[in-house]
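Written below as structure tokens is the structure these notes are about.
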Amino acid sequence: QVQLVESGGGSVEVGGSLRLSCAVSGLPYSGYCMGWFRQGPGKEREGVATIYTDGGNTYYADSAKGRFTISLDNAKNILYLQMDSLKPEDTAMYYCAADLRVPFGLCMSQPSLIRQYWGQGTQVTVSS
């Protein structure tokens with residue numbers, strides 16, 4: 001049974017940092033696409049960052065470039081999202097997701113294709 005469990009959300013002031021974690025179980029050791037997504041109030045879901053587990057290549061949305069870092073600890077089976085220089089517009093529910101069907105090229109260019117497995121989400125609130 002596949003499980004993705006996010007943690008690490010919370011409230012932070014503008015300019016602050018948070019590190020989100022996603023504990024992964026039931027998935028292969030490598031060779032698939034994972035990502036972090038967010039959905040703010042009244043907004044569509046956005047793919048923030050993706051990583052291909054075989055090799056560690058990453059993709060970032062423009063809104064995340066230079067501020068967010070996605071990483072994977074294969075030994076612990078935990079996906080991370082380090083978020084720095086947070087802004088009020090980063091306020092959202094953040095989800096991790098995985099998809100064994102999305103190949104490397106699409107993982108690096110079309111995060112919306114990641115749909116197979118989802119966590120329950122963790123709330124991030126950035127206040128000014």
Side-chain angles (χ1 to χ4, degrees):
Q1 182 179 359
V2 176
Q3 282 193 316
L4 305 176
V5 181
E6 301 97 333
S7 62
S11 296
V12 64
E13 293 185 349
V14 169
S17 298
L18 281 174
R19 188 176 77 161
L20 306 183
S21 299
C22 175
V24 181
S25 60
L27 286 173
Y29 179 76
S30 65
Y32 57 94
C33 183
M34 293 197 72
W36 285 98
F37 295 76
R38 67 185 182 186
Q39 188 163 18
K43 298 182 180 180
E44 293 187 355
R45 186 172 63 196
E46 174 189 16
V48 174
T50 67
I51 187 167
Y52 199 77
T53 59
D54 191 7
N57 294 80
T58 58
Y59 157 91
Y60 294 95
D62 288 343
S63 58
K65 286 179 182 176
R67 299 188 301 124
F68 294 3
T69 303
I70 187 171
S71 62
L72 180 65
D73 186 327
N74 282 313
K76 296 181 179 180
N77 289 332
I78 298 177
L79 180 72
Y80 296 104
L81 185 68
Q82 177 67 42
M83 304 187 295
D84 299 317
S85 302
L86 284 162
K87 307 174 182 180
E89 50 265 43
D90 295 318
T91 295
M93 185 70 80
Y94 283 73
Y95 302 88
C96 68
D99 203 312
L100 277 63
R101 307 162 301 183
V102 177
F104 170 77
L106 294 177
C107 183
M108 296 295 105
S109 61
Q110 297 189 41
S112 62
L113 295 179
I114 302 172
R115 301 169 186 171
Q116 192 171 13
Y117 303 107
W118 291 88
Q120 83 290 348
T122 186
Q123 177 68 37
V124 171
T125 303
V126 184
S127 58
S128 56

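Hydrogens, waters and symmetry mates are skipped; everything else that's a heavy atom, side chains included, is used.
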Query - Whether Thr69 side chain and Gln82 backbone form a donor-acceptor pair below 3.5 Å - result: no
Query raised in the report: Is it true that a side-chain atom of Thr125 and a backbone atom of Thr91 form a donor plus acceptor pair closer than 3.5 Å?
Result: no
Query raised in the report: Which atoms form the tightest heavy-atom contact between Tyr52 and Pro103, and what is the distance?
Result: CE1-C, 4.0 Å
**Report entry** Within one Ile-Leu-Val-Met-Phe-Trp-Tyr cluster: Leu72 and Ile78, side-chain cutoff 4.5 Å
**Finding:** no
**Report entry** Least distance between heavy atoms, Pro111 atom then Thr50 atom
**Finding:** CB-CG2, 3.6 Å
Query raised in the report: With no hydrogens and no angle check, is any side-chain donor or acceptor of Tyr94 less than 3.5 Å from a backbone partner on Gly121?
Result: no
Report task. In sequence, state the C-alpha distance, the side-chain angles, and the governing distance for Ser7 and Thr122, and then conclude on side chain to side chain contact (heavy atoms under 4.5 Å, CB included). Result -> CA-CA 6 Å; Ser7 62; Thr122 186; 5.6 Å; no
Report summary line: Distance col, row Ser71:OG vs Leu81:CG, nearest 0.5 angstrom, shows 8.5 Å
Requested in this report: Taking all heavy atoms of Ala92 and all of Gln123, pick out the closest pair and write down the distance.
Outcome: O-NE2, 3.4 Å
**Report entry** CA sep, side-chain torsions, deciding dist, call: Met83, Val48, side chain to side chain contact (heavy atoms under 4.5 Å, CB included)
**Finding:** CA-CA 11 Å; Met83 304 187 295; Val48 174; over 6 Å; no
Query raised in the report: Do the side chain of Asp99 and the main chain of Cys33 share a donor and acceptor less than 3.5 angstrom apart?
Result: no
Query raised in the report: Do Trp36 and Phe104 share a hydrophobic cluster (ILVMFWY, side-chain heavy atoms under 4.5 Å, transitive)?
Result: no
Query - Least distance between heavy atoms, Tyr60 atom then Ala49 atom - result: CD2-CB, 3.6 Å
Query raised in the report: Residues two or more places apart in sequence or in another chain: which of them pass side chain to side chain contact (heavy atoms under 4.5 Å, CB included) with Lys43?
Result: Glu89
Query raised in the report: Is a side-chain N or O of Thr53 found less than 3.5 angstrom from the main chain of Tyr32, in a donor-acceptor match?
Result: yes
**Report entry** Atom pair CD (Gln3) and SG (Cys22), whose distance is rounded to the nearest 0.5 Å
**Finding:** 10.5 Å
Query raised in the report: Is the backbone of Tyr80 close enough, under 3.5 Å, to the side chain of Ser21 for a donor and an acceptor to pair up by distance?
Result: no
Report summary line: Value for CG (Leu100) from CD1 (Ile114), rounded to nearest 0.5 Å, stands at 11.5 Å
Query raised in the report: Glu6 side chain to Leu20 main-chain N or O, any donor-acceptor pair under 3.5 Å?
Result: no
Query raised in the report: If you measure from OG on Ser109 to OH on Tyr59, what distance do you get to the nearest 0.5 Å?
Result: 8.0 Å
Query raised in the report: Do the charged groups of Lys65 and Asp62 touch, with an N to O distance under 4.0 Å?
Result: yes
Query - Nearest heavy-atom neighbours spanning Leu27 and Ala98 - result: CD1-CB, 3.7 Å
Query raised in the report: Donor-acceptor pair, Gln120 side chain versus Val5 backbone, under 3.5 Å?
Result: no
**Report entry** For the student: nearest non-hydrogen atoms of Arg67 and Asp90, plus distance
**Finding:** NH1-OD2, 2.7 Å
Query - Distance (rounded to the nearest 0.5 Å) between Glu44 CD and Phe37 CZ - result: 13.5 Å
Report task. Check step by step if side chain to side chain contact (heavy atoms under 4.5 Å, CB included) holds for Met34 and Ile70. Result -> CA-CA 10 Å; Met34 293 197 72; Ile70 187 171; 5.8 Å; no
Query raised in the report: Is it the case that one hydrophobic cluster holds both Met108 and Leu106, taking links as side-chain heavy atoms less than 4.5 Å apart, direct or via other members?
Result: no
Query raised in the report: Stepwise, does the side chain to side chain contact (heavy atoms under 4.5 Å, CB included) test hold for Leu4 with Tyr95?
Result: CA-CA 9 Å; Leu4 305 176; Tyr95 302 88; over 6 Å; no
Query - Nearest-0.5 Å distance that lies between atom CZ in Phe68 and atom CZ in Arg38 - result: 5.0 Å
